[in-house]
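What follows is one structure encoded as structure tokens, with my remarks underneath.
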Amino acid sequence: MAVLSGKWKLKIYKMLRSNDALRFHEIKTEIGAISDKTLTAQLKEMEEDNLLTRTVYPKVPPRVEYNLTPLGKKLNNVLFALDQWGRAYVYEMRGGILPELD
């Protein structure tokens, strides 16, 4: 759980899971209310935890892309299982009423 702690990491993960590669600006635009400093810190932590790779292309201006690592992609199975458990929990706690799907 510590690997995904932080307000933005799950949102970043979800974006990268749905795309082959994203640039910093694309991530920031999609998330919206996040500072450059915070996004940079979250991406750096995720890179240090081997969830994503940061590729710098030698251009002017430099182009940087972020991708999930194979280990990062495996996290999707864990999150899917957690989502399924959460939906079953809500179902039982609501007395058999299905939770809304996103």
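The basis for the numbers below is simple: all heavy atoms, side chains too, and nothing from hydrogens, waters or symmetry mates.
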- Can you tell if the side chain of N76 reaches within under 4.5 Å of the side chain of L68, non-hydrogen atoms only? no
- Query: Taking atom CZ of R54 and atom OG1 of T40, what is their separation to the nearest 0.5 Å?
  - Reply: 8.5 Å
- Message: How long is the straight-line distance from CE of M15 back to OG1 of T29, given to the nearest 0.5 Å?
- Response: 8.0 Å
- Task: Scan for ring pair (Phe, Tyr, Trp, His ring centres under 6.0 Å) pairs involving residues 37-86, sequence neighbours excluded, and state none if there are none.
- Result: W85-Y89
- Just jot down the side-chain hydrogen bond (donor to acceptor under 3.5 Å, both in side chains) partners of N67, sequence neighbours excluded, or say none. none
- Task: Would you check if the side chain of T38 reaches a backbone N or O of I34 as a donor-acceptor pair within less than 3.5 Å?
- Result: no
- Task: Go through the structure and list residues passing ring pair (Phe, Tyr, Trp, His ring centres under 6.0 Å) with F24, not counting sequence neighbours.
- Result: none
- List the atom of I12, the atom of L43, and the distance in Å for their closest heavy-atom pair. CG2-CD2, 3.8 Å
- Message: I'd like to check the side-chain hydrogen bond (donor to acceptor under 3.5 Å, both in side chains) partners of T69; sequence neighbours left out, ordered by chain and number.
- Response: none
- Got a second to check how far K73's NZ is from L52's CG, nearest 0.5 Å? 12.0 Å
- Task: Could you tell me the separation between the NZ atom of K14 and the CD atom of E30, rounded to the nearest 0.5 Å?
- Result: 9.5 Å
- Can you tell me how far the OG atom of S5 sits from the CD atom of Q42, to the nearest 0.5 Å? 7.5 Å
- Message: Using 0.5 Å steps for rounding, measure from the CG atom of L82 to the CG atom of N77.
- Response: 12.5 Å
- Task: Identify, with sequence neighbours excluded, every residue that meets side-chain hydrogen bond (donor to acceptor under 3.5 Å, both in side chains) alongside Y13.
- Result: none
- With the 4.5 Å side-chain cut-off for hydrophobic clustering, are I31 and L10 part of the same group? yes
- Item | R17: salt bridge (Lys or Arg N to Asp or Glu O under 4.0 Å) partners, not counting sequence neighbours | none
- Message: Would L75 and L79 count as a side-chain contact (heavy atoms from CB on, under 4.5 Å) here? Give the steps.
- Response: CA-CA 6 Å; L75 183 58; L79 294 176; 4.2 Å; yes
- Message: Is the shortest side-chain heavy-atom distance between V64 and T55 below 4.5 Å?
- Response: no
- Note on the structure: Contacts satisfying salt bridge (Lys or Arg N to Asp or Glu O under 4.0 Å) that involve residues 33-52 (not counting sequence neighbours) are K9-E45, K28-D36
- Taken in chain and number order and not counting sequence neighbours, the residues that satisfy side-chain hydrogen bond (donor to acceptor under 3.5 Å, both in side chains) with R23 are none
